[in-house]
2 protein chains.
Amino acid sequence: MEPLRFNNIYLGDAKDILPRVEDESVDLIMTSPPYAEKRKKSYGGIPENEYIDWFMPIAREFKRVLQPKGSFVLNIKEGANVQRETYVIELILELKRQGWLWTEEYIWYKTASMPGKWPNRFRDSWERCLHFTKNKKFNMYQDSVRVPIGDWSKTRLNNLKSYDKKRTISASKSGLGRKVMNWKGRDLVYPDNVLKFAPVCKNMRHSAAYPKELPLWFIKLFTKKGDIVLDPFIGSGTTGLACLESNRNFIGMEIKRKYFNLANKNIQLEQQRLINDEKK
Amino acid sequence: MEPLRFNNIYLGDAKDILPRVEDESVDLIMTSPPYAEKRKKSYGGIPENEYIDWFMPIAREFKRVLQPKGSFVLNIKEGANVQRETYVIELILELKRQGWLWTEEYIWYKTASMPGKWPNRFRDSWERCLHFTKNKKFNMYQDSVRVPIGDWSKTRLNNLKSYDKKRTISASKSGLGRKVMNWKGRDLVYPDNVLKFAPVCKNMRHSAAYPKELPLWFIKLFTKKGDIVLDPFIGSGTTGLACLESNRNFIGMEIKRKYFNLANKNIQLEQQRLINDEKK
DNA sequence: GTTCCGCATGAATCGATAG
DNA sequence: ACTATCGATTCATGCGGAA
């Protein structure tokens, strides 16, 4: 059997393709799997009550192919059918039983979520990004995702007018002076576990409108350049695009030919664009 | 035994006082219970592995006292001990088994979370507000929590704190002041299921990790004036203050005398303030 | 009176140290 | 080996005093 190539997408079921991935060869698994379907008869969808049985064998493969200091990030959100479905929180418990550490739950706050109004609830504008690891210690490059410091200090530091600036400099030996100077040189702070990215509405109707910024953030956080990122449900190729942009290698898998074709098209366009940029 | 009075706080264990509350007499249970303690020996705290056994008998009483169209809102967040604790999601499953509907999970996005930096995670800046109901249909007054359109104004008005309020009112002649005032009552849209409030620390002694805006939002959403709100873990009395402000009646319970005294003081101060305001 | 700044302080978490 | 305690890390906010 042909070994898997990097920066390529494979057409087929993840559970069939994953066995071809080498042991402990992947640095990050970043994926947004198909969410459970409410209607059991929906073609290709996984019913809520079969979701865990469907997912766990795949997670077993994840555990095999992930390197010891790697991470597995699962973007998912249960739907509501009168009440919230429980398959996601049950999946967390099951993954722990399989040996994963449930290290963190990040919130993706979708600032422009779908409009709509229902009698029981408001618009759902957040999704879970569940972070699992194999070990207590893992690779995390926190500096790569630092963000500009909050408004409060910006306002205060911007207001350092002539008088204050003079004072700050002249009083360099005082604690006050030194402290302010330290803040000025340091415009980046560490983020928290709530992510804010606007979802994008692509032309194709992949149910999960998964903006490139989301995988990109986790890719920067948990891998370095040249590392391997696996997305077994790559959809329209967003994780691949994020890898191309950040100089990581990816392995993609997609079961539906429609998305497989779309992902390949998107990837090729991006690769062409990068080549053109280099020529200039 | 003396019947429970409204707008009063009872000193003692919720499981002992709850039996005195009449069947189906409460319109909303809004509470932030003590979170599980990491250290097992910590005095008064509930260890993680005993949390569900401690909570479920209390939840049974909640079910008895809540009226059929009422709501139960639980503000809670699991801590981390290398990995995230699972007692909260297990509690959700257990409450469902007890007959509750897990109607929704709101996110409280704390804009000012605890600082700190660790090798394996960022600062935790969100908490769960789990919404349970007894029935598919329940009281929800969505219009009462509508917000001005657009993110900037939403953030701004939600965060109208002392300083901004003062400025908004006092600067009525300035453009900014008038502009902000004009937004109120105009172009109102429904919010989503992510709430943004900054935690405030009012007193030197007690950490008000639970800002008044949080219970106030749910009180407005799930009750009308004159309704009964129960908080069996009322702490420093925040839920009671929110009720006084919004003309709801509350029943409070608190096991620790220190908080019981503080809550009574806060409630009395607020009642006195309301009386003074009326005289003017 | 209004704006501005220093300071204290939080539902935190980890790793090391001590018992 | 297992548990309790402690120091280090970090940043948005309200408050009070100063400009």
Side-chain angles (χ1 to χ4, degrees), chain A residues 103-104 136-138 140 142 146-161 163-164 167-168 171 174-180 182-183 186-194, chain B residues 31-48 74-85 88 108-129 155 159-167 169-171 173-174 176-177 196-214 233 235-236 238 259:
Chain A
T103 299
E104 181 58 304
K136 188 172 161 177
K137 296 210 176 193
F138 54 88
M140 190 174 191
Q142 301 190 346
R146 281 188 300 175
V147 292
I149 197 165
D151 280 338
W152 67 272
S153 67
K154 227 182 253 170
T155 309
R156 287 186 178 186
L157 292 175
N158 280 350
N159 286 340
L160 279 181
K161 297 277 156 42
Y163 171 76
D164 287 308
R167 190 173 71 151
T168 302
S174 82
L176 167 68
R178 270 185 284 113
K179 194 167 267 180
V180 174
N182 285 342
W183 281 109
R186 184 177 156 201
D187 43 0
L188 295 178
V189 297
Y190 295 101
D192 55 36
N193 58 359
V194 176
Chain B
T31 195
S32 186
Y35 299 1
E37 292 284 333
K38 289 177 191 66
R39 293 155 299 189
K40 292 184 180 176
K41 300 290 167 59
S42 173
Y43 179 76
I46 301 106
E48 186 193 349
L74 185 65
N75 164 230
I76 196 165
K77 178 64 189 271
E78 66 274 14
N81 196 354
V82 178
Q83 56 179 322
R84 284 279 159 206
E85 298 159 353
V88 174
W108 170 30
Y109 176 28
K110 296 187 284 186
T111 46
S113 53
M114 284 288 291
K117 182 182 179 297
W118 310 278
N120 54 350
R121 69 184 69 254
F122 291 129
R123 292 177 303 140
D124 188 7
S125 61
W126 64 278
E127 297 199 7
R128 306 178 195 277
C129 293
T155 308
N159 289 336
L160 271 186
K161 294 271 156 38
S162 51
Y163 174 77
D164 279 311
K165 260 181 197 152
K166 254 183 281 174
R167 191 170 65 158
I169 294 162
S170 68
K173 57 188 172 183
S174 85
L176 173 64
K196 285 184 280 182
F197 303 117
V200 283
C201 35
K202 271 196 170 179
N203 285 283
M204 303 277 285
R205 303 268 171 78
H206 183 251
S207 55
Y210 178 73
K212 191 169 63 174
E213 285 80 3
L214 188 66
F233 310 102
S236 60
T238 311
Y259 291 131

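A note on names: the letters A, B, ... follow the listed sequences, proteins ahead of strands, and every chain is numbered from 1. As a basis for the values below, the full set of heavy atoms in this structure was taken, side chains included, without hydrogen atoms, waters or symmetry mates. These numbers were taken from a predicted model, which means no experiment stands behind them.
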*Within the pair B:Arg123 and C:dT13, is there a side-chain N or O less than 4.0 Å away from OP1 or OP2?*
no

*Pick base, sugar-phosphate or nothing for A:Pro191, based on heavy-atom distances below 4.0 Å to the nucleic acid.*
nothing

*When you compare C:dA11 with D:dT9, how far apart are their P atoms, in angstrom units rounded to a whole number?*
22 Å

*Quick one: stems involving DNA chain D, counted as three or more successive Watson-Crick or G-U pairs, both distances short of 3.5 Å.*
C:2-10 with D:11-19, C:12-19 with D:2-9

*asked:* Nearest whole Å is fine: how far is D:dC11 C1' from B:Tyr109 OH?
replied: 12 Å

_Test item: B:Ser113 and B:Phe122 side chains (from C-beta on) under 4.5 Å apart, heavy atoms_ = no

*asked:* Using the salt bridge (Lys or Arg N to Asp or Glu O under 4.0 Å) criterion, which residues pair with B:Arg123? Sequence neighbours excluded.
replied: none

_What is the distance, to the nearest angstrom, from the NZ atom on B:Lys117 to the P atom on D:dT9?_
10 Å

*Establish, from distance only, whether the side-chain atoms of B:Glu85 and B:Tyr35 form a donor-acceptor pair under 3.5 Å.*
no

*asked:* Less than 4.0 angstrom between a side-chain N/O of B:Arg121 and OP1 or OP2 of D:dT10, yes or no?
replied: no

*Whole angstrom is fine here: how far is it from CZ in B:Phe122 over to P in D:dT9?*
17 Å

_Classify B:Pro34 by what it touches in the nucleic acid, base, sugar-phosphate, or nothing, heavy-atom distance under 4.0 Å._
base

_Measure CZ/B:Arg84 against P/C:dT13 and give the value in whole Å, please._
5 Å

_Separation of D:dT10 P from B:Asp124 CG (nearest whole Å)_ = 18 Å

*Quick one: does B:Arg84's side chain get under 4.5 Å of B:Lys77's, heavy atoms only?*
yes

*Test B:Cys129 against every option in B:Leu214, B:Leu74, B:Ile76 by the side-chain contact (heavy atoms from CB on, under 4.5 Å) rule and name the one that passes.*
B:Leu214

*Please check if the side chain of B:Asn120 supplies one atom and the backbone of A:Lys137 the other of a donor-acceptor pair under 3.5 Å.*
no

*asked:* At less than 3.5 Å, do the side-chain atoms of B:Ser113 and the base atoms of D:dA12 form a donor-acceptor pair?
replied: no

_Length of the CD-C1' vector between B:Glu37 and C:dT13, whole Å_ = 14 Å

*Given that B:Pro33 and A:Lys137 both sit by DNA chain C, which one's nearest nucleotide is further toward the 5' end?*
B:Pro33

_Residue met sooner reading DNA chain C from 5', once B:Asn120 and B:Pro115 are mapped to nucleotides_ = B:Pro115

*Give one of base, sugar-phosphate or nothing for A:Lys136, where a contact means two heavy atoms less than 4.0 Å apart.*
sugar-phosphate

_Using the rule given for side-chain contact (heavy atoms from CB on, under 4.5 Å), can you reason through B:Tyr109 versus B:Ser125, listing the C-alpha separation, both sets of side-chain angles and the distance that settles it, and then say yes or no?_
CA-CA 6 Å; B:Tyr109 176 28; B:Ser125 61; 3.7 Å; yes

*Just how far, in rounded Å, is P of C:dA12 from CD of B:Glu85?*
12 Å

*What's the CE-P distance between A:Met140 and D:dT9, to the nearest Å?*
18 Å

